[in-house]
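For reference, the structure discussed in these notes is given below.
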2 protein chains.
Amino acid sequence: MKRNDFSQWDCSLARTVDIIGDWWTPLILRDAARGVTTFEDFHQSLGVSRNTLTQRLNRLVEHGMLEKTLYSDRPKRYRYVMTAQGVDFVPVLMAMAAWGDKWIADTAPPFRVRHKTCGAEATARVVCACCEAPLALSDLEPLDEAA
Amino acid sequence: MKRNDFSQWDCSLARTVDIIGDWWTPLILRDAARGVTTFEDFHQSLGVSRNTLTQRLNRLVEHGMLEKTLYSDRPKRYRYVMTAQGVDFVPVLMAMAAWGDKWIADTAPPFRVRHKTCGAEATARVVCACCEAPLALSDLEPLDEAA
DNA sequence: CGACTCAGTTCAAAAGGTGAACTGACAATT
DNA sequence: AATTGTCAGTTCACCTTTTGAACTGAGTCG
């Protein structure tokens, strides 16, 4: 069996993982996508320690996934809202969840969302942007580059 | 603006994150997809401490992402190979990388792979499995369930 | 006035990650 | 026969991160 050798397959993934590569961050983003915005709500929803939550939220703001806005001046109240960049990450989260549904048997209910466009329940699938066929490792080979 | 409320959007993501939710694991999987199989090669490629690498590999084996096989009895040599479950996760990694390419400007080169099916460079896109339209947060709404 | 809410900060203890050195089985070289 | 090298880890001492719980502080409500 031929071994793949994607020697150029670098960095984009690492940089992404650098932002979202821990237990909490993806879940914070899923909550944000669900409409959670305040510090207290994230804390309640996830059970993450407030200390860590502060760090994660700041990190996400720093990296442009969330925007922190003051929605009440007196008393000072903040809201964390997804940026376009954050919103664009949601399908990736859905792809992860779809994979989880498929492979990790569990009694816990899968997340269920309706796709307004087609009316059916949305399930994520990762396809080639060019030919729209589902991407699979077996259909990939290294792309040689000049220089 | 209407706030989404995906109260059912739970668990599948959390369970997935439970397996791959740290800095190293996704990169180990990317290496595995590239054809890296031995302990030493993972170690060299990633620069992760051997200690941590041992734990991560064991964890991935435990969770059915990799299979550990003895390919030489004398001396004892092991190989970590992706299972079907692991292979099926690769498109998710590609979706992450595609997002990284789009949003995280950096001098580092993106990973580049050819899609044999269409001959073009493969770029991941997440679509609805039902209608094949790209998934976007704005097209989603909670799915109400009986009971 | 006292109780409550939000959005954190502070602190000690526990857990997890790091690099560097070590083990042990074998193979190849001198 | 002795030394060096490779693979696949383990061990250890150190450092950073996470955790939980308590505390702060600004302001509101009754």
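The structure presented is a predicted model; accordingly, all values stated were derived computationally and were not measured. Proteins come first, then strands; the chains are lettered A, B, ... in the order of their sequence lines, and each starts at number 1.
Atom-to-atom, CG of D22(B) to C1' of dT16(D) comes out at 16 Å; the value is rounded to the nearest Å. Distance, W24(B) CH2 to dG17(C) P: 11 Å, rounded to whole Å. Between the NE2 atom of H43(B) and the P atom of dT6(D) there is a distance of 13 Å, given to the nearest Å. The distance between atom CD of Q55(B) and atom P of dG17(C), rounded to the nearest whole Å, is 6 Å. In this structure, the CZ atom of R56(B) is 8 Å from the C1' atom of dG17(C), given to the nearest Å. One atom, CZ of F42(A), and another, C1' of dA7(C), lie 13 Å apart when rounded to the nearest Å. The nearest whole Å value for the distance from the CZ atom in R79(B) to the C1' atom in dC7(D) is 13 Å. For the pair Y78(B) OH and dA8(D) P, the computed distance is 9 Å after rounding to whole Å.
Side chain to side chain, W103(B) and D88(A) meet the donor-acceptor criterion of an N or O pair below 3.5 Å.
Results of the side chain to side chain contact (heavy atoms under 4.5 Å, CB included) test with R56(B) over V48(B), T25(B), N51(B) single out T25(B) as the only residue that passes.
Contacts classified as salt bridge (Lys or Arg N to Asp or Glu O under 4.0 Å) and involving residues 57-67 of chain A (residues at least two apart or in different chains) are given here: D18(A)-R59(A).
Relative to the side chain of T52(A), the nucleotides dG17(C), dG8(C), dT18(D) differ in distance, and dT18(D) lies closest. Closest approach to the T38(A) side chain among dT19(D), dA7(C), dG9(D) is made by dA7(C) (side chain taken as heavy atoms from C-beta onward). The nucleotide whose nearest atom lies closest to any side-chain atom of S49(A) is, among dA7(C), dG17(C), dG20(D), dG20(D). Distances were taken from every side-chain heavy atom of T54(A) (C-beta onward) to each of dT18(D), dG9(D), dT9(C); the shortest belongs to dT9(C).
Remark: E40(B) engages R50(B) in a salt bridge, criterion side-chain N to carboxylate O under 4.0 Å.
No N or O donor and acceptor, one from the side chain of N51(A) and one from the base of dT18(D), sit under 3.5 Å apart.
Between W23(B) and dG16(C) there is no side-chain N or O to OP1 or OP2 distance below 4.0 Å.
From Y80(A), atom OH reaches atom CG of L66(A) across 8.5 Å, with rounding to the nearest 0.5 Å.
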Between the protein and nucleotides 22-29 of chain C, which nitrogen or oxygen pairs come in under 3.5 angstrom?
from, atom 1, to, atom 2, distance (Å)
dC26(C), OP1, R74(B), NH2, 3.4

